[in-house]
Amino acid sequence: MLNIKEVITKIAGIQTYSENLRVFRLKLPEGSGFSFVPGQFVMVSLPGLADANGRKIAKAYSIASSPSQTGIMELCIVGYPTGALSPKLFQKNIGDEVAVTGPYGVFQLKQPVHPGTVFMAGGTGLAPLMGMLRSLYGTGYNEKLWLFYSVGEPRLFLFKEELLGYEKNSNLRFVVSTSNHNTDWLWEKGRVTDTFPRLLQQLQQDGVPNEERQFYICGPPLMVTDTVKMLEQLGFRKENIHKEQW
Ligand SMILES: Cc1cc2nc3c(=O)[nH]c(=O)nc-3n(C[C@H](O)[C@H](O)[C@H](O)COP(=O)(O)OP(=O)(O)OC[C@H]3O[C@@H](n4cnc5c(N)ncnc54)[C@H](O)[C@@H]3O)c2cc1C
């Protein structure tokens, strides 16, 4: 059983993908004992930030790092200009404090992880799946896994180099796509619901029967609903589809 804790972290790195998408690398305090399982999320708040009634403003963000990356936590954060928390967070700099409470959530890998498992992400829905992949590859997992990932536009392609590295060295078959591409885009076109049926025959060459194939899906509600509907229509089993949406 993991203990829920509140810790004050310090921003150790910020990677800006666009004016509305940033990855924050948070440094946990020494000896904080903060632990989590890949796929879980934290509630993020800023010291001193409260609403008009004096209540702390806290928002949920999935942890993109793996528990083995000791002392740090990565979060992929979409900024909404009228949001209660994200615009304030986007004003912060390296060394500033961010409070995190958690971990929460039951979106976690079922053990053992079956060869041929498919991960499907829309946008920042990649975050909890990235935590899962990082933790698997961090412990030497080398069975074939699939990742179908769609991005709103090419510059929002998160963790590109790392994912390409897993494809090269760790038996990940990685399919990234966007509907909003320019001529430089080297990968697939469309959404996960376009690329998955297109590559289904290739996927099935690994011999995993449809009724045993496991899926982990995360993204915006419409992406998750459409993807689950598609998988069920293709004959995959509801109980093997694990999902989180926001
Ligand atoms: C379990 C869980 C995990 C999550 N993980 C992540 C994550 O890893 N990365 C991430 O970016 N978000 C994640 N979210 C979503 C995030 O918690 C919310 O989007 C949050 O409300 C944003 O706070 P805010 O202060 O930016 O905006 P808010 O004050 O909540 O909202 C301000 C404005 O933005 C609009 N808005 C808020 N959220 C959305 C949305 N999702 N889509 C469209 N419009 C929206 C609202 O309609 C409102 O007009 C997660 C949510 C859950 C429940």
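Just so you know, ligand 1 is whichever comes first in the structure, and atom 1 is the first atom listed for that ligand. Values below: every heavy atom of this structure, side chains too, minus hydrogens, waters and symmetry copies.
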Heavy-atom proximity to atom 23 (O) of ligand 1, best of E74, K59, M43 = K59
Quick one: does E244 get an N or O within less than 3.5 Å of an N or O on ligand 1?
->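 Between E244 and ligand 1, no N or O pair is found under 3.5 Å apart.
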Purely on distance, is any nitrogen or oxygen of A127 under 3.5 Å from one on ligand 1?
->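 In this structure, A127 places no N or O atom under 3.5 Å from an N or O of ligand 1.
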Would the number of heavy atoms belonging to other residues, nucleotides or ligands and lying under 6.0 Å from [atom1] of [X] be above 12?
{"X": "K110", "atom1": "NZ", "result": "yes"}
{"X": "E30", "atom1": "CD", "result": "no"}
{"X": "R191", "atom1": "CZ", "result": "no"}
{"X": "Q201", "atom1": "CD", "result": "no"}

Nearest protein heavy atom with distance in Å, relative to [atom]:
{"atom": "atom 14 (N) of ligand 1", "value": "A60 O, 3.2 Å"}
{"atom": "atom 27 (O) of ligand 1", "value": "G83 CA, 3.3 Å"}
{"atom": "atom 22 (C) of ligand 1", "value": "Y61 OH, 3.6 Å"}
{"atom": "atom 4 (C) of ligand 1", "value": "W246 CE3, 3.2 Å"}
{"atom": "atom 1 (C) of ligand 1", "value": "F41 CD2, 3.5 Å"}
{"atom": "atom 48 (C) of ligand 1", "value": "T82 OG1, 4.2 Å"}
{"atom": "atom 8 (O) of ligand 1", "value": "S62 N, 3.2 Å"}
{"atom": "atom 41 (N) of ligand 1", "value": "Y80 OH, 3.1 Å"}

Locate the shortest heavy-atom distance separating M132 from F119; write the atom from each residue and the value.
->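 Closest approach of M132 to F119, heavy atoms only: SD-CE2, 3.9 Å.
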Interfacing atoms of ligand 1 (cut-off 4.0 Å, heavy-atom, V78) |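 With V78 as reference, the close atoms of ligand 1 come out as 11 (O).
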Per-atom filter on ligand 1: closer than 4.0 angstrom to a heavy atom of A84 are 24 (P), 25 (O), 27 (O), 28 (P), 29 (O)
Is it the case that R173 and Q202 place a side-chain donor and acceptor less than 3.5 Å from each other?
->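 R173 vs Q202: donor-acceptor pair found between side chains.
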Excluding sequence neighbours, so at least two apart, what forms salt bridge (Lys or Arg N to Asp or Glu O under 4.0 Å) with E212?
->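 Applying salt bridge (Lys or Arg N to Asp or Glu O under 4.0 Å) to E212 gives none.
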Would a search of protein heavy atoms around [atom] find one under 4.0 Å away?
{"atom": "atom 33 (C) of ligand 1", "result": "yes"}
{"atom": "atom 46 (C) of ligand 1", "result": "no"}
{"atom": "atom 29 (O) of ligand 1", "result": "yes"}

Could you tell me how the ring of F174 sits relative to the ring of F157: parallel (under 30°), tilted (30 to 60°) or perpendicular (over 60°)?
-> tilted
Is there a donor-acceptor pair closer than 3.5 Å between any side-chain N or O of E19 and the backbone N or O of T16?
->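 No; zero donor-acceptor contacts below 3.5 Å.
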Is a side-chain N or O of T70 found less than 3.5 angstrom from the main chain of S68, in a donor-acceptor match?
-> yes
Anything under 3.5 Å between a donor and an acceptor, one on a side chain of residues 84-104, the other on a protein residue two or more places apart or in another chain? List them.
from : atom 1 : to  : atom 2 : distance (Å)
S86  : OG     : Y80 : N      : 2.9
D96  : OD2    : N93 : N      : 2.8

Close approach, C76 and ligand 1, non-hydrogen under 4.0 angstrom =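 For ligand 1, residue contact (heavy atoms, under 4.0 Å) with C76 is present.
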